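Following: one structure in structure tokens, then a few remarks.
As the structure is a prediction and not an experimental result, all values here were calculated from the model. Chain letters run A, B, ... following the sequence lines, proteins first and then strands; every chain starts at 1.
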Number of protein chains: 4
Amino acid sequence: MTTVDTSTRSPGRPRSARVDESILKAVLDLLVEGHTVEALTIEAVAAKAGVGKATIYRRWPGKDALLVDAVRSLKGPAPTPVGASVRDDLVLLLGSARKKPDQRFVRIMSCLGPEVQRSPERYRLYQGLVEPRREVMREVLRRGVAAGELRPDIDIEVAVMLLTAPVLIQRMLRWHPDLDDATLPGRVVDTVLAGLATHPG
Amino acid sequence: MTTVDTSTRSPGRPRSARVDESILKAVLDLLVEGHTVEALTIEAVAAKAGVGKATIYRRWPGKDALLVDAVRSLKGPAPTPVGASVRDDLVLLLGSARKKPDQRFVRIMSCLGPEVQRSPERYRLYQGLVEPRREVMREVLRRGVAAGELRPDIDIEVAVMLLTAPVLIQRMLRWHPDLDDATLPGRVVDTVLAGLATHPG
Amino acid sequence: MTTVDTSTRSPGRPRSARVDESILKAVLDLLVEGHTVEALTIEAVAAKAGVGKATIYRRWPGKDALLVDAVRSLKGPAPTPVGASVRDDLVLLLGSARKKPDQRFVRIMSCLGPEVQRSPERYRLYQGLVEPRREVMREVLRRGVAAGELRPDIDIEVAVMLLTAPVLIQRMLRWHPDLDDATLPGRVVDTVLAGLATHPG
Amino acid sequence: MTTVDTSTRSPGRPRSARVDESILKAVLDLLVEGHTVEALTIEAVAAKAGVGKATIYRRWPGKDALLVDAVRSLKGPAPTPVGASVRDDLVLLLGSARKKPDQRFVRIMSCLGPEVQRSPERYRLYQGLVEPRREVMREVLRRGVAAGELRPDIDIEVAVMLLTAPVLIQRMLRWHPDLDDATLPGRVVDTVLAGLATHPG
DNA sequence: CGTTAATCGAGACGGTACGTCCTGTCTTCGG
DNA sequence: CCGAAGACAGGACGTACCGTCTCGATTAACG
């Protein structure tokens, strides 16, 4: 009677971790190259990863699941720390996408955007990836309120959208063709902080 | 009201206007049916319109041009009128997408968004469709400044982005899953008008 | 009421005869190049014929059926005419495989041999292709008997085998590595005609 | 009867002779089951032998070598003895394939035939297996010449081909569908001995 | 009112990617 | 070290569309 192995291990050759990595890397590389999820062919992934197609299908049921895992492997390369004033912190956060290696992250995220509209699975993926970054921003806003820099009655969720949506949409759609990516975060933050109305409240 | 052109008239059987209409209708129907632009296949359009594929390619050089004409046929269902206060005007403009038949318009526009990143042609299409609506908003803002309701030094382009981007992105990506579409425009406008800072300027 | 068309014609673009030809040609070319039916890949046929795979599958259900039609298209490039004496006729018939374009025919036939063992369909194909050539030889033998050149009691079927089998097997298996293809027919015919025994009958 | 070698003995578990046997048996079984050599897959052999694929590759470098050993293990089940007259000897030799266990031998040989065309290795194998049998036949012919039964000027190599080729080809290709396997050797030998011509020489 | 020529639906065409299956090799484990 | 189980790279399979190209039949204005 052999010992009952609680950490059951299937017989045969185990799956190679190297292969997992090279496949996920290939997916991300293809995204940054091809700019679109449509360019993300299983066949292309296999070729780029130097892997047989069957090896991919052995691990993931289809392109969606593969995409999910690949992007999940990005792990938001550090949500970025914080500085001194609220204004500077916000500009830093919004502009972080412009610094390497975050650029790669944003590049991939903006490919994903369109895809999110389709499957709930991909939608959840996108939320999970982006949420930590939003939480950092919420924290900055809360500290601004605590420090008296921001009005105590602000709608934090709306504020986060106001700050992030313009930058994101500008990246994705090049909304304003002549708007400078570099200065946009500053202009957005300043305008949001000051407000438009003459007599606020 | 078909203009009968007596001057130049090519021989042979003229193209059927019914066919044009049914093709454009098929395109728009496919878009609102939740499909993305990728799912907008010429073959699917032909099938839905009850038309041969060649009949489509005879009129448009490719999917892009077809898409352009189809969306153009929507004719931005009236750029929306204006109300009393700046606040109410802005809320009205941002919320207009919720009223029928504007909903159909927005549904289609949000399918288009992702496509803009690719071809310059599609980009120009998108800009052309959206620009009139932005111009209305700019006008509202300018009148607000003139009326003393808004600060004279505001960055109008950034203000337009601040106002429109959150609503658009919420529609496209369902950015905040628990944010109510109905109340969002009001909350956005209020927050933008008031600003976040305790001591603006 | 339109005339009832007895020669019903399906709508749409008819299938191209050129394509049929190029596919069949590609099959035969691959056989003579690859020496084996195994080397006859549908994908390779499509590539060589400059044709999409679907175009092949639209016409034939699978490799077998394609092979059958391809070889059938060979049509034994003329069963060869006949000369003066029985001896010369037989040598000519056996040696015909060495002359173009018959060489191509034999090349393909010898690829088929192994395949014949498998499906009855392919077996029937092989028989149909080879039979006319055997009939020519039988005729030569019969005329030899009538002319008094051959013994009247000979077993014609066995005689045909005796004459053809060595040449065929030599081609297929290179049975005797040092036996010259060019002189073999002559030696075979002479030996068969003369017989081995000192006192025949 | 496993020879226990006391002299040199590699460390570790010794290879099981049972496994060797079961693999070779599996190969031969697959061949006689009507499969061609192409159907002789390492995977199929492993499955049939109840053995891992690696176990096979540890012993033989590839399919060719395995095939060589398998067929060699047949050991031409005794090159056949000799009888009284040349005619009877030849009929016996040609007909030996019909008696068990020779039938199995021929079955396997005819699978091999087609393969010979490919690799020189397999060609040599085939020659090696078949040569002893041909040598026996040559010996019979030579003794016939010496005994005065056969003409002294016969071409022995051609004679061997004349005698063996029809039987072999009939088995491999079922050349004449209605030719009886049992009587064929007798008819062949008789016809070859007598010759076809009225006036031999 | 017949000619004429561009229209129409239908579908074949060369491609490309799909997801499955099987090949021969390799890499683990337990015995 | 052996043996099984099975992962690995590669490649052909047959399917489904893509966007283009032909077909025969239709159809409306012109002569």
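Within residues 15-30 of chain A, no residue has any heavy atom under 4.0 Å from DNA chain E.
For Tyr57(C), counting side-chain heavy atoms from C-beta on, the closest listed nucleotide (dG14(F), dT20(E), dC26(E)) is dG14(F). Proximity note for Arg59(B) (side chain, C-beta onward) versus dG11(E), dC8(E), dC18(E): the nearest is dC8(E). In the set dC26(E), dT26(F), dC18(E), dT26(F) carries the atom at the smallest distance from any side-chain atom of Arg13(B). When distances run from any side-chain atom of Ile42(C) to the nucleotides dC13(F), dA17(E), dG14(E), the shortest one goes to dC13(F).
In this structure, NZ of Lys53(A) is placed 6 Å from C1' of dC18(E), rounded to the nearest angstrom. One interatomic measurement links the two molecules: NZ of Lys48(A) to P of dA17(E), which rounds to 14 Å at whole-angstrom precision. Put simply, CD1 on Ile56(C) is 11 Å from C1' on dG14(E), counting in whole angstrom units.
For the salt bridge (charged side-chain N to carboxylate O under 4.0 Å, His left out) condition, the pairs that include at least one residue of residues 16-30 of chain A, sequence neighbours left out, are Asp20(A)-Arg59(A), Lys25(A)-Asp29(A), Asp29(A)-Arg104(A).
Here Arg13(C) pairs with nothing under the side-chain contact (heavy atoms from CB on, under 4.5 Å) rule; sequence neighbours left out. Remark: Glu43(C) pairs with Lys53(C) by the salt bridge (charged side-chain N to carboxylate O under 4.0 Å, His left out) rule, at least two apart or across chains. Evaluation of the salt bridge (charged side-chain N to carboxylate O under 4.0 Å, His left out) rule for Asp69(D) yields no partner, not counting sequence neighbours. By the side-chain contact (heavy atoms from CB on, under 4.5 Å) test, Ala49(B) pairs with Ser22(B), Ile23(B), Ala26(B), Val51(B), sequence neighbours left out.
Taking CG from Leu24(C) and CH2 from Trp60(C), the interatomic distance works out to 4.5 Å, rounded to the nearest 0.5 Å.
Here Ala54(A) lies in heavy-atom contact (under 4.0 Å) with a base. Gly50(B) comes within contact range of the sugar-phosphate backbone alone, with a heavy-atom separation under 4.0 Å but no base atom that close.
Residues Thr55(C) and Lys63(A) each lie close to DNA chain E; by heavy-atom proximity, the contact nearer the 5' end of the strand is made by Thr55(C). Nearest-nucleotide positions on DNA chain F place Glu43(C) closer to the 5' end than the other of Glu43(B) and Glu43(C). Each of Ala46(A) and Arg58(D) has a nearest nucleotide on DNA chain F; the 5'-most of these lies closest to Arg58(D).
Between Ser73(B) and Leu28(B), the shortest heavy-atom contact is OG-CD1, 3.8 Å.
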